[in-house]
Every structure is written in C-alpha cells, then in structure tokens.
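Read through the structure below, which is laid out as structure tokens, and then see the notes.
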Protein chains: 2
Amino acid sequence: MKLQAPKGTRDFYPHDMAWRNHLHDAWRRVSIRHGFEQVDGPIFETLDLYKVKSGEGIVSELFHFEDRGGRGMAIRPEFTPTLARMVAAQANALPKPIKWFCTPNLCRAERPQRGRLREFFQWNVDILGSDAAVADAECILVAIDLLQELGLKPEHVRVKISHRQTVRHILSLLGVSDEKMEDAFDLLDRRDKIEPEAFQKRAGELGLDEPRVARFDQTCRYKYKVGSLGGLKKSLGIDGDELAALEALDQQLLDFGIADWCEYDLGIVRGLAYYTGTVFEVHEATGVERAMAGGGRYDQLIELFGGPATPAVGFGMGDVVLTNVLADKGLIPEDVSPRPDVYVLAATEAGGHKLGGVVASLRQQGVHARLSYRATRNISKLLKEAGSARARFALILDDEAANGTGQLKDLESGEQEIVKFDAVARRVKV
Amino acid sequence: MKLQAPKGTRDFYPHDMAWRNHLHDAWRRVSIRHGFEQVDGPIFETLDLYKVKSGEGIVSELFHFEDRGGRGMAIRPEFTPTLARMVAAQANALPKPIKWFCTPNLCRAERPQRGRLREFFQWNVDILGSDAAVADAECILVAIDLLQELGLKPEHVRVKISHRQTVRHILSLLGVSDEKMEDAFDLLDRRDKIEPEAFQKRAGELGLDEPRVARFDQTCRYKYKVGSLGGLKKSLGIDGDELAALEALDQQLLDFGIADWCEYDLGIVRGLAYYTGTVFEVHEATGVERAMAGGGRYDQLIELFGGPATPAVGFGMGDVVLTNVLADKGLIPEDVSPRPDVYVLAATEAGGHKLGGVVASLRQQGVHARLSYRATRNISKLLKEAGSARARFALILDDEAANGTGQLKDLESGEQEIVKFDAVARRVKV
C-alpha cells in the first residue's frame with residue numbers, strides 16, 4: 001500500500017513546520033504591532049458565497065461538495081468573501097477603521113507548479129471603513145515591515161503601485177471612451193501575455209491609432225519613483241488635481257519613509273474587477289518569480305455582500321512564493337526549531353527515582369525539559385543524546401538527588417556546578 | 001441577500017480569535033516544553049486514507065469530493081491517519097522516540113450540538129517508537145500540564161485511565177472466551193447507553209451468568225486511585241504480574257507527581273478498535289460534559305498504514321468541550337487581545353508632519369504603535385480614542401516634533417514627560 005499526500009499539498013515534518021511557524025509568527029507579530037487584529041472564518045463556505053464576487057466561473061477552480069442537506073459547499077480558495085460576509089454582518093457594531101489580518105490555508109483546484117500549490121497559506125491584511133490614503137499606505141507599510149523582518153532589503157523586492165483612477169485618466173486622455181474603458185484595462189493586464197500584433201489589433205479596437213498605442217504602451221512601461229509624480233503629470237500634460245488620490249498616497253509613503261521600496265508601475269492592473277483605486281503588487285526585484293503579494297482598494301465589495309457602503313483596502317501574501325524568494329536569497333535560517341533548555345539524566349538508580357518528578361516540575365515552571373527513554377545509566381551516552389537534541393544544559397541526577405541537588409552542566413561551555421532542583425528553572429530559562 | 005457561516009462552523013471575530021490564539025499558544029507552549037515537535041499535514045486527504053483505519057463506514061461522516069482527476073478526497077475528520085501516513089513514509093529516518101504534536105482543524109459531517117461542531121480544532125499529541133510506560137505517562141503528563149496552564153485544578157477534572165490488557169484479564173477471569181472478547185468490550189463501551197435489561201441480555205450472550213454480570217458491572221464502575229493497584233489485584237484474586245503494564249504506568253504517574261489528577265476507571269473503553277493497551281479520557285469532574293480529551297496506545301496502526309511495526313501512544317483534545325468547561329469554571333479571561341504599547345497623536349500641523357515617520361520607526365523597532373485616522377488635532381478627543389484602544393502610552397507630537405521630541409503620557413498613571421523619539425521604544429516596550 002502506498003499512501004501519499006494529495007498532489008499539490010504538503011506534509012509538514014518538524015523541520016518544515018518550524019519554518020512555517022517562524023513565518024506565521026512573523027506575520028502575526030508584524031500585523032499586531034501595526035495595530036491589526038486577527039480574525040478567521042470556516043475552512044469551507046457555501047458555494048454561493050464564492051459566486052457573489054466571482055460568478056459561476058469560479059466553481060471549476062474550487063474543491064466543492066454537498067453537505068448532508070445537499071447544499072453546495074467549497075473549501076475556501078481565498079479569504080476575502082469570508083471577510084466581506086463577516087464585516088457585512090456586523091458592519092454597524094464594529095468600530096472604524098476595522099483593521100484585520102488572518103493567515104488562512106486556502107485551496108484551489110489548480111495544476112500545481114512553481115509558486116502554486118493546491119493548498120497554501122496566505123497572509124491577508126485589510127483596513128475597512130476609511131477611504132483615506134493613510135489606509136492604503138498602512139497596508140503597504142505593514143507588507144514592507146514584514147519583508148524587512150524576514151531579512152529582505154529594498155534591492156531584493158519592488159512594491160509596484162498603480163491607481164485605477166490615474167490609469168483611467170491617462171486612458172481617457174489617449175481617447176479611450178468610457179464604454180471601452182474595461183476592455184482597455186483588460187488589454188493592459190494582458191499586455192505581457194499576448195503577441196505585439198495581437199496587442200496592436202486590440203488597441204486599435206479601443207479606437208487608438210498607432211502613435212497613441214505607442215504612447216499608451218510607453219506610459220505603462222515607465223516606472224516613476226515615489227516623490228516624483230510631478231514628472232508623470234508633466235509628461236501627461238496635467239497641472240490640476242486629477243491625480244489627487246495618488247498624490248495623497250505618495251505623501252503618506254514619503255511620511256512613512258518607505259519610498260525606496262516602492263515605485264509606480266501603471267502596468268499593474270490586478271485582473272480582479274473589484275478593485276476601485278490603489279492597486280499594488282510585491283515582486284522579487286529581478287522579476288523571476290510570480291508576485292509575492294497583491295492587493296488594492298475595493299470600495300464596493302462590502303455592499304455586494306449585503307453590507308453598508310464601506311470603503312476598504314487590503315492585500316494577500318502567500319507563503320509559497322515568499323519562501324521561494326527567501327530561499328533564493330539565502331534568508332531561510334538553518335534550523336528554527338525550539339531548543340531544549342535542559343536534558344535531565346539519571347546517573348544512578350537513586351537518581352532515576354527522582355527523574356520523573358524533577359522533569360515534571362521543571363516543565364510546570366515553563367522549562368523545556370527532556371528525559372531519555374533509554375534504560376542506560378551511562379552518562380556519556382546520555383550526554384550524547386542531549387547534544388544531538390541541541391539541549392543547552394544537562395542536569396545529571398546521582399545519589400545526591402535524594403537531597404534535592406543535581407549537577408548542572410552547560411553543554412556549550414562544558415562548565416558544571418551543583419545546583420538545588422528548585423534553582424534549576426531560574427538558571428536554564430532563556 | 002443573507003450570507004451566513006455554514007451550520008456548525010464558526011466565525012472568529014477579533015475577540016473570539018484572541019481566545020483561540022490564547023488556547024493554541026498554550027497548546028504549543030506546553031507541548032514544546034514537554035519535548036514535542038510540531039507537525040501538520042494537508043487539510044484534505046484521499047478518501048482511501050480514511051478507509052484504512054475506519055472502513056467504508058467512515059465515508060458518511062466525511063465532507064468528501066472528487067479532485068479534477070476524479071480521485072476521492074475528504075476534508076480531514078481526524079489527524080491520526082495523516083500522522084500514520086507521515087510516520088510510515090519516514091519511519092526509518094526518524095529518530096525514536098518520535099514525539100509529535102499538532103493543532104489541526106478537523107471537519108465532520110455531524111449534527112451540530114453542544115460540544116460538537118462540524119469544524120473544530122484538536123490538539124493531537126503522540127509518541128511513537130517506544131512501548132515503555134513512560135511514553136503513556138508523558139502523554140498523560142502533558143495533558144495535565146495543559147489543563148493546569150489554563151487554570152484547571154485536580155478537583156475540576158478527572159483523568160480516567162484503563163488498560164485493555166487489564167480489562168481483558170478481568171473479563172477472562174469472569175469467563176469471557178477469546179472469541180467473545182470483542183463483544184464484551186463493545187458491551188462495556190455501551191454500558192451507559194443501553195437499558196439494564198438489554199445489558200443483562202447481551203451479557204448473557206457473552207456466556208456470563210447473573211452473578212458474574214453483576215461482578216463485571218461492579219468491577220467496571222469502581223474507581224481505583226493511582227498507587228492503589230494492590231486493592232484491585234486483591235479484589236480480583238491476582239498476586240502475579242498479570243497487571244504488569246498497568247503497574248509500570250502506575251509507577252510513572254506517581255513519579256511525575258500527577259496521581260491526584262488521575263483515577264483508574266475500567267469502564268473507559270474508547271470504542272475505537274485500534275487501541276491496544278492504555279486508554280484514557282479527561283472528563284469534567286461532575287461528568288456533565290462530553291470527554292475533554294481521549295487517547296491511548298495503538299501499537300499496530302503504523303503497520304496498517306504500510307510502515308514498520310511501531311509502538312505508539314497519543315491523544316486528542318478538542319477546543320470546543322475544553323472551552324465550555326473553562327467557561328463554566330470562570331477561567332476564560334475577559335480580554336486576551338494584544339494591547340497597543342503606544343498611540344501616537346499629532347497636536348499640531350508640524351506634529352502631523354512627523355507622525356508617519358515616528359509610527360513607522362516605532363513599529364520597525366517592535367513597538368505596537370497606532371495612529372488615529374481622524375483629522376482632528378483635538379488632543380482630548382485623540383486621547384479618548386487611545387484609551388478606548390487600551391493603549392498603555394500616548395506619544396503627543398507638537399511643534400517640538402521637528403526637534404525630535406514628543407510628550408510621552410502614561411495612560412494609567414497620567415504621568416507625562418518629554419522624550420526623544422529614539423528613546424520611546426525602550427520606554428514603552430513591555
């Protein structure tokens with residue numbers, strides 16, 4: 001019999017799990033210090049919930065089933081519909097701004113490939129109830145702080161920012177009509193995925209002549225630094241407040257001191273139709289990997305889920321691409337498993353009688369204490385076991401154990417001293 | 001449109017999530033100090049994996065579906081099959097004893113009721129590769145340390161312990177043949193769920209006359225203290241080592257100093273046929289709730305999953321009954337949400353210009369720092385907001401902010417002092 005984990009899913013043995021915990025702890029720690037509160041929802045939701053945002057088309061990407069009452073259910077492929085449902089249900093009771101994060105596992109019935117699995121974890125960060133640029137900027141700030149917390153530097157990654165209204169304004173200046181606007185966004189999104197001829201042809205269908213197509217393309221390929229929107233305005237021949245929303249964001253990014261992580265890239269669209277303002281993605285700097293994170297402003301979604309009009313901005317960051325990027329940069333620590341504080345060893349029978357009590361008492365005091373399952377009283381063998389487990393100290397119990405003392409050996413320095421049992425916890429705890 | 005969480009599942013709003021984190025952190029902290037390493041597996045597995053242990057009968061209790069290749073899959077209803085698969089796959093490479101824990105969410109297609117949900121969390125603790133009583137006792141020890149960590153005391157809960165071999169021996173003494181042994185265990189398991197007459201009838205089918213049935217019943221109802229196995233042996237007329245396995249466990253429980261939490265209750269069977277030795281359950285002392293935890297020794301399971309013969313012992317503890325019991329005892333803290341270290345407020349325009357930079361810098365130093373989204377410079381309004389958020393300090397930025405200082409106000413004592421920005425982190429971090 002050969003039983004394996006389902007394709008595209010992962011087994012987390014202790015070493016893998018230690019890394020997963022390291023990453024999730026960082027997500028949580030950073031979120032909390034930025035003032036976000038953790039939430040979560042069910043692992044499965046009604047199939048209908050996922051259709052609200054994404055239509056019938058989503059169903060083939062879901063692992064779905066019927067519950068005992070014949071209702072359609074699906075394992076969550078994303079958290080946003082759950083978030084929207086939860087906010088809509090309590091919208092009036094929740095103080096604003098709502099600043100929430102979560103770290104759910106999500107499942108998608110996709111073909112597994114590099115950076116894409118059928119089950120993965122995603123850090124979700126959202127601010128609801130504020131339409132101010134500070135909310136957009138705080139989302140970008142917390143993402144950058146997380147990247148920095150894991151050892152990444154501005155030269156490793158690019159936070160690419162665009163704004164739907166700015167792009168709409170540019171497209172409009174180029175002559176794209178309101179009716180064709182959605183097609184134009186779609187074309188911008190597919191720009192790098194289609195042949196130049198197909199691009200020209202579709203741009204023509206938008207009513208743009210060749211020079212305008214070239215200008216469209218050029219505008220969207222050029223990167224603008226944070227703090228340099230004047231240049232963009234000049235190149236577009238704008239001198240009013242048409243880019244006011246983007247300018248407000250620009251000021252916040254400067255205030256937060258994160259300009260060197262960011263750039264404006266008007267080619268960032270984020271296919272999802274529900275974004276209404278700022279959109280952004282985090283990419284590895286050389287562009288070899290998929291996006292590490294993506295998000296933006298979605299001011300109409302909560303209404304779509306039956307709640308009151310609620311401006312909102314947020315992003316998701318998956319664990320798979322992030323881990324790939326960190327591994328490529330040599331930023332995954334060798335071993336982040338917890339180390340034992342002390343290994344308690346019995347050198348004599350009398351010591352053995354005290355062993356269980358000492359271990360239990362140390363643990364109850366918060367000490368990571370281990371004992372050997374081997375029957376031997378051979379101390380060098382037992383010390384070897386303690387060393388393999390990376391214990392920091394060994395507590396050796398001999399006949400003196402009956403008097404409440406043992407020998408505490410520092411396994412790094414080799415120093416050894418006699419200590420009372422009730423003093424061990426103080427000595428060995430980090 | 002009314003969108004709700006599926007029946008029997010939970011939404012975790014921040015207050016609920018804070019408790020869930022509090023509980024999961026305790027599970028993890030206690031597991032680690034007892035020398036267990038964390039693992040996890042996929043949220044869904046092949047349907048076949050669940051049939052290995054439980055047969056076709058399990059399917060109706062599962063949320064199952066087909067993947068794109070038409071293979072049967074199911075959301076995990078328990079972790080043990082995943083554990084067995086993972087251990088079987090790596091059995092020779094893993095150092096023994098394997099001491100693993102995990103805290104998975106599990107889903108069962110059951111009718112939701114008190115203590116039973118369709119999605120819940122379960123702390124799983126297992127020791128594999130040792131058949132020694134110390135392994136059984138360490139499982140019981142870590143369970144008790146967790147209960148104690150959450151504020152429970154011996155008078156609140158009972159760890160009820162039995163041993164398959166001991167019960168088998170008693171049944172055999174009463175005249176139950178090997179062929180009828182499984183039926184006898186089944187009857188013992190159902191004892192409290194069937195009418196006395198049905199019990200008598202089925203006991204008769206086991207070949208037991210009325211006095212023996214009475215003795216059987218009496219033996220299984222009587223509770224024995226840890227350290228008092230002599231009494232049980234005497235009442236059974238045993239003076240050899242027929243109860244050696246239970247006696248070895250008894251000694252370990254005494255050594256660990258946890259006798260007052262435990263009792264032998266030979267009526268504990270744990271229906272699951274795969275248990276081979278020690279079995280135990282944790283119950284609220286008055287017995288009003290379902291079992292809080294249950295487990296035992298299952299020495300043949302890893303082989304069943306294609307691995308080498310591997311003795312094993314472990315248990316599961318769900319979050320739902322545990323939380324109900326803690327709530328009943330008043331042991332759920334009012335609010336375990338993280339408190340902000342400092343709320344940064346701008347009293348003037350000049351202060352406002354520095355606000356973003358100060359907040360971002362504090363967060364990067366690990367400080368839980370918040371800012372207000374309100375445009376007001378009215379300090380008393382802003383301080384009120386900081387108070388509502390339970391912030392410990394407020395840092396007030398006025399025109400002096402340009403010189404790198406602000407007023408740090410302790411929101412508990414009301415004391416206020418002028419501090420340099422680069423000294424704030426040291427002052428406010430817990």
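The sequence lines fix the lettering, A, B, ..., with proteins before strands; numbering per chain opens at 1. Predicted model only: the values in this text are computed from it and were never measured.
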Which atoms of [X] are under 4.5 Å from chain B, going by heavy atoms: the side chain, the backbone, both sets, or neither?
X: A:Asp40; answer: both
X: A:Glu61; answer: neither
X: A:Ile75; answer: side chain
X: A:Glu149; answer: neither
X: A:Arg29; answer: neither

Item to check | Test log, rule salt bridge (charged side-chain N to carboxylate O under 4.0 Å, His left out), inputs A:Asp11 and B:Arg85 | outcome: CA-CA 10 Å; A:Asp11 288 333; B:Arg85 177 177 64 65; 2.7 Å; yes

Just wondering, do [Y] and [X] contact through their side chains at under 4.5 Å, heavy atoms?
X: A:Met73; Y: B:Phe63; answer: no
X: B:Pro6; Y: A:Glu45; answer: yes
X: A:Arg363; Y: B:Leu141; answer: yes
X: B:Pro42; Y: A:Arg10; answer: no

Next on the checklist: Is it the case that the side chains of A:Gln364 and B:Asp145 hold a donor-acceptor pair, with the cut-off being a distance below 3.5 Å and no angle test?
Outcome noted: no

Next on the checklist: Test your reading of the model: is there a side-chain donor-acceptor pair from A:Arg33 to the backbone of B:Val367, 3.5 Å cut-off?
Outcome noted: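 Not at all, since once roles are kept as given, no pair shorter than 3.5 Å links the two residues.
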
Checklist entry - Do the side chain of A:Tyr373 and the main chain of B:Asp131 share a donor and acceptor less than 3.5 angstrom apart? => result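 Checking the backbone N and O of B:Asp131 against the side chain of A:Tyr373, no donor-acceptor pair under 3.5 Å is found.
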
Checklist outcome for this item: Most heavy-atom pairs under 4.5 Å with chain A, out of B:Leu94, B:Ile127, B:Val30, belong to B:Ile127

Item to check | Leading residue by heavy atom contact count with chain A [cutoff under 4.5 Å; candidates B:Glu119, B:Arg370, B:Gln251] | outcome: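 Looking at each of B:Glu119, B:Arg370, B:Gln251 in turn, B:Glu119 comes out on top.
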
Item to check | Atom of A:His64, atom of B:Phe65 and distance for their closest heavy-atom approach | outcome: O-CB, 3.3 Å

